[in-house]
Amino acid sequence: MFTESEDLLAGLNHPQKQAVLHGEGPLLILAGAGSGKTRVITRRIVQLMQNGVRAQSILAITFTNKAAGEMRKRVDSIVPGHRVQISTFHSFGVRLLRQYADRLGLNKDFTIYDQSDRSKLTKIAIEDSGLNAERFTPDTISNSISKAKNQLLSPEKFAQSAKDFFSQSVAQVYPYYEKRLRESNALDFDDLLYWPALALRNDPELRAELDARYRYVMVDEYQDTNTAQYAIARGLSVDYPNLCVVGDPDQSIYKFRGSDIRNILDFERDFPNATVLTLSENYRSTKPILSAADRLISHNTQRKPKPLISMKEGGSPVTQITFDTGAEEANGVAKRIAQQVNSGNRSFRDFAVFVRMNALTRSLESAFSRHRVPFQIVKGMAFFDRKEIRDVLSYLRLLVNSHDNISFMRAVNEPARGIGKVSLDHLKNHAEPREISLLEACGVVEKIPTIKGKAASGLRDFSLLMKGLRELLEHPPHEVIAKTLDASGYREMLRRSTDPEDQERLANIEELVSAARQFQVEDREPNLADFLENISLASDTDAHDANKDSVSVMTLHAAKGLEFPVVYMLAMEQGILPHDRSLENDEELQEERRLAFVGMTRAMHELFLCNARMRDFRGSVVFTAPSMFLGQLPGSEIKVIEEGPSTPMNSMLRGPGKGSQMTQGWKNNQIKAPTVASISPMPVKDGSYSEGMMVKHPAYGKGMITEISGYGAMRRLKIRFQTAGERSFIADKVQLEIIQS
DNA sequence: GTAGTACCTTTTTTT
DNA sequence: AAGGTACTAC
């Protein structure tokens, strides 16, 4: 045992060792970017176990499920078969709520509502409340409710504190929203924290029980916890105050969803006897990168200054490249990456491209295709947002939770069963006063005289369909899904459609079935409910595949916690980064600066900061000014490259020569101009396939690729076969022999 | 009840 | 640019 703990300290610096060896009592680890905090947490978990702490007494909270999985694996490689609980706050919350559902007055089969469910429900709640909501959108209101929950404000408390007109309007809606959630036996994302936090606060017995169960609690990315998460961590650390939090105030980037940087800044006030350790040695980035990032972040006024010490000597300077247009920026980056790979120094997987907004990834797609650069856009959840997937999921959710009225409304007439709005209104009018679910009401549709004809038989069919499918509930998820697709007629509807988009949809729902087939949970046979829960709690980054040899494209938010040898940050322009909506407010501006800081500190060897003089935005061309952050770097150390203007057309469009107006920001500069994007005659390519290519499929024989769409794991090929007609395939999965390009 | 069309907002970031 | 919503015609 002694030698093992020696090993645990191998290669660690002094504060890291102290952190690993820390036993009981509260501990705050201020870990600068790239200072090896994951390593420290992992080793500390192992160290605790080696000192006799039971694995079940340790709870580690990470920011994403992927991070949890990686940490679990790392601990497992040292202590195989350990039973340490490692999860996100949300997963932990769900687990707790399912376990203590009875005690909390919940039904354990609850559905987890996402943003879009939430806004549908809010719409209904607004109607319930009778609020004249012309002035506020459901999204604004539901955002406000979300914030209230993050601050653990119940509808009553929120109403008490509501002073202005907007808050008072929200206060009117909030109780109805809650009522509708309960009626559907659903919880929204915020509830997954809100309920556990309140349970810990209001149920002393339960709190003590959990506190004793989880004697050692560790929270990573503590700077991004919100009030509810804070309350959970706190509640678990009263009798056994062995709370270890790790974070970096300079990397707090989730204020918009309620995270409160004060949680980390005030840790020492909460736990006056806390040990505080600072990890300032950076093992990730070269000196020029770190000093640029350091200089930028030093412009934030509300911060505890802390040193960042690069342990890497040398390194090339940070490069700033200005392009003429957004399209040229995308092209230029793709070209540079292709060159760097071709010269043999790098693989595609060494590169990452960060953007402030998802919309900016679009131009990259075509540029990468054109330069034959393989890439993955890290937005895993996009797949589950597709109409057909949501449709099928609504069937599944309704199977697990028959009260889920939002899912009922979505599934009931898809495919069309002759059930229209009027009949559904009758159904609601029947169900609501009797306090039964819409699906239950559906089962007694004969008793509702106002519904007749096609609608009545359609509703009865639907009720019988769901009854039949319910029998299969405990079968493996992929079986239930396959049966659902058949029995509902959904698959048939798509199959019969002549719309080529529907063939794509068909491929997507088949993909869902195979995703379910591959789905496994650690120690037991998963059921449908597990599968759905997994989907609900997945994050964008969870889909990132670091082993795949492709360029990673993602938002700055998704980049948190990752590192890459070469990083390109795009659209460093006033109005984008910092974002337009932060310009008025200094606190938000500082958060934008932290966001830029997070992006820069992901880079190990090379960092490129890019901007364009104009860019397509929502249909029109917008003139931009360089990001103010570019002016806050150590100018003399930055290498500046000006690209373009490459065509006379561009310089004509560059507008007022002096540029004085261009520095004014974003909104005022919106003007219409002919789009300059040139249409490339090159075929669309993704690594190995291109449009027009002749291929051979093992089952369908010879055919020609007619269309390539999507990206990463979702890349699709449409192939017209000589005999089998046109079909869609997942590019990654399909076995094709290239006959001729 | 459905299909087709015009219009209009959207996202900044996400568990 | 695109997807959802509201409205209209069948």
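Just so it is clear, the model here is predicted, and its values are computed rather than measured. Order of the sequence lines sets the chain letters (A, B, ...), proteins ahead of strands, with each chain counted from 1.
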> Of all the choices, C:dT5, B:dT13, B:dG1, which nucleotide is nearest to the side chain of A:Ala455 once you look at every atom?
Replying inline: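 Within the option list, the nearest is B:dG1.
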>> Taking the minimum atom-to-atom distance to the side chain of A:His557, which one of B:dT15, B:dT14, C:dA2 wins?
In response: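 Out of B:dT15, B:dT14, C:dA2, the nucleotide with an atom closest to A:His557's side chain is B:dT14.
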> Hey, does the Lys NZ or Arg CZ of A:Arg95 hover above the aromatic six-ring of A:Phe92, less than 6.0 Å from the centre and inside 45° of the axis?
Replying inline: no
> Honestly, is A:Arg397 close enough over A:Tyr113, meaning NZ or CZ under 6.0 Å from the six-membered ring centre and within 45° of the axis?
Replying inline: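 Relative to the ring axis of A:Tyr113, which defines the angle, A:Arg397 lies outside at least one limit.
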Table of protein N/O atoms under 3.5 Å from nucleotides 2-11 of chain B N/O atoms:
{"from": "B:dT2", "atom 1": "OP1", "to": "A:Gly418", "atom 2": "N", "distance (Å)": "3.1"}

> Just by distance, do the side chain of A:Gln229 and the backbone of A:Asn226 share a donor-acceptor pair under 3.5 Å?
Replying inline: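 Here the side-chain-to-backbone pair exists.
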Starting at [atom1] of [X] and ending at [atom2] of [N], how long is that distance when rounded to a whole Å?
X        : N      : atom1 : atom2 : value
A:Asn65  : B:dT15 : CG    : P     : 9 Å
A:Arg410 : C:dG4  : CZ    : C1'   : 11 Å
A:Leu360 : B:dT13 : CG    : P     : 9 Å
A:Ile576 : B:dT13 : CD1   : P     : 12 Å
A:Asp190 : B:dT15 : CG    : P     : 13 Å
A:Lys255 : B:dT15 : NZ    : P     : 20 Å
A:Asn226 : B:dT14 : CG    : C1'   : 12 Å
A:Lys120 : C:dG4  : NZ    : P     : 9 Å

> Touch check for A:Ser423, heavy atoms < 4.0 angstrom, all strands: base, sugar-phosphate only, or nothing?
Replying inline: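 Counting heavy atoms under 4.0 Å across all strands, the contact made by A:Ser423 is with sugar-phosphate only.
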> What is the ring orientation for A:Phe63 with A:Tyr254, classed by angle as parallel under 30°, tilted 30 to 60°, or perpendicular over 60°?
Replying inline: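 If you compare the ring of A:Phe63 with that of A:Tyr254, the planes turn out tilted.
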>> Could you check whether any side-chain heavy atom of A:Arg594 comes within less than 4.5 Å of a side-chain heavy atom of A:Arg303, counting everything from C-beta outward?
In response: no
> A:Leu570 pairs by side chain to side chain contact (heavy atoms under 4.5 Å, CB included) with which of A:Leu609, A:Leu577, A:Val553, A:Leu364?
Replying inline: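 When A:Leu609, A:Leu577, A:Val553, A:Leu364 are each tested with A:Leu570, the side chain to side chain contact (heavy atoms under 4.5 Å, CB included) holds only for A:Leu364.
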>> Quick test of your reading of the model: are A:Arg390 and A:Glu414 salt-bridged, counting only N-O distances below 4.0 Å?
In response: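 No salt bridge links A:Arg390 with A:Glu414.
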> Ring-on-base stacking between A:Phe256 and B:dT13, under 5.5 Å between centres and under 30° between planes: is it there?
Replying inline: yes
> Stacking check: are the rings of A:Tyr254 and B:dT13 less than 5.5 Å apart at their centres and under 30 degrees in tilt?
Replying inline: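 No, A:Tyr254 does not stack on the base of B:dT13, since the centre distance and plane angle fail the 5.5 Å and 30° test.
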> Would you say the base of B:dT14 and the side-chain of A:Gln115 have a donor-acceptor pair closer than 3.5 Å?
Replying inline: yes
